[in-house]
Every structure is written in C-alpha cells, then in structure tokens.
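To start, the structure under review is shown below, and the notes come after it.
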Amino acid sequence: MGITNWFQEKVTDPLLSVVRRGADPKQLAFSAALGITFGVFPICGVTVLLCGMAIALLGSLCHAPTVMLGNFIATPIELSLVVPFLRLGEAIFGGSHFPLTSDALKKVLTGQASREVILSVVHALIGWLVASPFILGVLYVMLLPCFKILIRKFSSSEGRLKALPEEEGIIATRTLDMDL
C-alpha cells in the first residue's frame with residue numbers, strides 16, 4: 001500500500017493537476033518526452049541540470065512541470081540504459097568492448113578512473129546523443145494520443161475558462177480584442 005500512495009502522490013496527482021488546467025496536448029507530450037529523454041542521460045546527477053537548461057532555452061515551448069515530472073519518472077530507467085548507450089557508442093566508434101566489472105565501478109567512484117573508464121563514459125554519452133532524437137520522437141508520438149485522451153477526460157470546460165487572478169486582465173483583454 002505504501003508504494004501505491006507514493007506513486008499517487010508523486011506521479012499521478014501532479015500529472016492530473018497539469019491535465020486539469022487544460023494545457024495543450026502537443027506541448028505536454030513534447031515536454032514529457034523531453035523530460036524522459038534527458039532523464040535517461042547516462043551520467044547520474046546531471047539530468048535535473050539538463051532539464052533546467054532546456055526549460056530556460058525553450059521557454060514557453062515546453063511546460064516546465066511536465067519536463068521535470070518526465071525527468072523524475074525516468075530516474076529508475078536511467079541506470080538500466082547506461083550499458084546499452086555504452087555499447088552503442090562502442091559500436092559507433094568501433095571501440096573495444098569495455099568489461100563492466102566491480103573494480104571499474106570502484107575506480108570511477110574513488111576518482112581513480114583509468115583512460116579506458118573515461119573512454120567508456122564518452123562512448124555512453126555518444127550512444128545517448130545518437131539515440132536521444134529517436135527516443136524523443138518515439139515518446140512524443142506515443143504520448144500525444146495519451147495526453148489528448150487525458151485532457152478530454154479530466155479537463156472540464158469550466159476549468160479551462162477559469163483564470164488565475166493575475167491572468168484575468170489578460171483574458172479580458174483577449175476577449176475584448178476578439179469581440180472587436
């Protein structure tokens with residue numbers, strides 16, 4: 001029961017909060033796909049920084065809470081994709097197969113990384129760079145119909161018409177402009 005409550009609180013409730021505001025399904029699908037794509041970046045601890053930079057660069061083209069939620073959802077997947085990204089990078093460069101041993105991980109964690117370990121990290125980064133446009137595209141195509149359904153199901157027409165106090169003047173101005 002504990003994991004169900006945690007999932008409800010950390011994933012489902014924030015997602016429904018976003019959907020109930022009547023956001024654009026294309027923007028939400030792109031933002032979630034972007035967050036997940038950056039969330040599987042093969043260097044742990046960097047994903048939040050990447051998402052923050054993407055949000056800052058893209059501005060209104062993405063929905064910041066959805067990008068961060070996608071990043072959060074991708075966290076458990078991140079470590080499982082390091083090896084496939086590494087192998088893809090090795091295949092691209094024709095590099096030797098790096099043996100993944102506990103000794104190599106120990107050297108990385110203690111800062112005694114050898115040239116081979118550093119090269120394997122570069123291979124994993126290249127693998128992610130090559131795969132990321134495909135990951136982003138496939139996720140967008142898969143998530144767009146999901147967000148359309150969610151918005152249709154959970155977004156009420158009165159929720160779309162309600163405005164936050166600071167937005168009321170903007171909406172009133174837009175309404176007046178449309179009437180003229």
Side-chain angles (χ1 to χ4, degrees), residues 3 5-89 92 105 108-111 113 117-151 154-155 159-160 162-167 170-171:
I3 193 138
N5 289 339
W6 178 87
F7 189 80
Q8 177 79 28
E9 182 182 317
K10 300 293 183 188
V11 177
T12 307
D13 290 346
L15 180 62
L16 287 177
S17 175
V18 167
V19 167
R20 285 188 179 122
R21 291 187 180 142
D24 179 38
K26 291 179 182 178
Q27 183 186 36
L28 292 177
F30 172 71
S31 299
L34 187 67
I36 293 169
T37 301
F38 281 133
V40 297
F41 187 74
I43 298 178
C44 298
V46 179
T47 61
V48 172
L49 179 64
L50 288 174
C51 288
M53 289 177 15
I55 291 166
L57 289 172
L58 294 172
S60 64
L61 296 175
C62 68
H63 187 257
T66 307
V67 172
M68 296 312 283
L69 182 61
N71 179 36
F72 177 74
I73 290 170
T75 300
I77 304 167
E78 179 182 14
L79 287 176
S80 66
L81 290 177
V82 170
V83 174
F85 291 142
L86 169 64
R87 299 300 180 227
L88 178 60
I92 290 169
L105 180 61
V108 169
L109 294 176
T110 60
V117 173
I118 293 171
L119 188 59
S120 71
V121 170
V122 171
H123 284 156
L125 291 174
I126 298 298
W128 178 82
L129 280 171
V130 169
S132 62
F134 299 104
I135 294 169
L136 181 68
V138 167
L139 286 172
Y140 177 78
V141 168
M142 289 173 47
L143 291 172
L144 184 58
C146 297
F147 277 110
K148 285 181 178 180
I149 291 167
L150 286 171
I151 287 174
F154 291 105
S155 181
R160 284 185 223 146
K162 286 183 182 176
L164 296 173
E166 63 268 7
E167 292 177 338
I170 296 169
I171 291 175

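We use all heavy atoms of the structure for the numbers below, so side chains are in, but hydrogens, waters and symmetry mates are not.
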_Residues which pass side-chain hydrogen bond (donor to acceptor under 3.5 Å, both in side chains) with Ser120, listed by chain and number, not counting sequence neighbours_ = none
*If every non-hydrogen atom of Ala124 is compared with every non-hydrogen atom of Phe85, which pair is closest and at what distance?*
O-CB, 3.5 Å
*With sequence neighbours left out, write down each residue that passes side-chain contact (heavy atoms from CB on, under 4.5 Å) with Val141, or none if nothing qualifies.*
none
*May I have all residue pairs that pass ring-ring contact (aromatic ring centres under 6.0 Å, His included) and include part of residues 45-72, sequence neighbours excluded?*
Trp6-Phe72
*Stepwise side chain to side chain contact (heavy atoms under 4.5 Å, CB included) check, Thr66 with Gln27*: CA-CA 9 Å; Thr66 307; Gln27 183 186 36; over 6 Å; no
*Check whether any side-chain heavy atom of Pro42 lies under 4.5 Å from a side-chain heavy atom of Leu86, and answer yes or no.*
no
_With Leu28, the side-chain contact (heavy atoms from CB on, under 4.5 Å) member among Val67, Leu143, Ile151, Leu150_ = Ile151
*Least distance between heavy atoms, Ala74 atom then Val40 atom*: CB-CG1, 4.1 Å
*asked:* Ignoring hydrogens, what is the shortest heavy-atom contact between Cys62 and Ala54? Give both atom names and the distance.
replied: SG-O, 4.4 Å
*Considering non-hydrogen atoms only, spot the tightest contact between Lys148 and Pro25 and give its length.*
CG-CB, 3.7 Å
_Under the side-chain contact (heavy atoms from CB on, under 4.5 Å) test, residues paired with Leu61 that sit two or more places apart_ = Leu58
*Give the minimum heavy-atom separation between Cys51 and Phe38, together with the two atoms involved.*
SG-CB, 3.7 Å
*How long is the gap from CE on Met53 to CG on Leu49, to the nearest 0.5 Å?*
5.5 Å
_side-chain hydrogen bond (donor to acceptor under 3.5 Å, both in side chains): pairs with one or both residues in residues 39-48, sequence neighbours excluded_ = Thr47-Asn71
*asked:* Can you tell me how far apart CE (Met68) and CG (Leu34) are? Round to the nearest 0.5 Å.
replied: 11.0 Å
*What heavy-atom pair brings Ser80 and Pro84 nearest, and what distance separates the two atoms?*
O-CD, 3.4 Å
Residues 126-135, side-chain donor-acceptor partners within the protein, below 3.5 Å, at least two apart:
residue	atom	partner	partner atom	Å
Trp128	NE1	Thr37	O	3.1
Ser132	OG	Trp128	O	3.2
Ser132	OG	Leu129	O	3.3

*Please list, chain by chain and in numerical order, all residues satisfying ring-ring contact (aromatic ring centres under 6.0 Å, His included) with Tyr140, sequence neighbours excluded.*
none
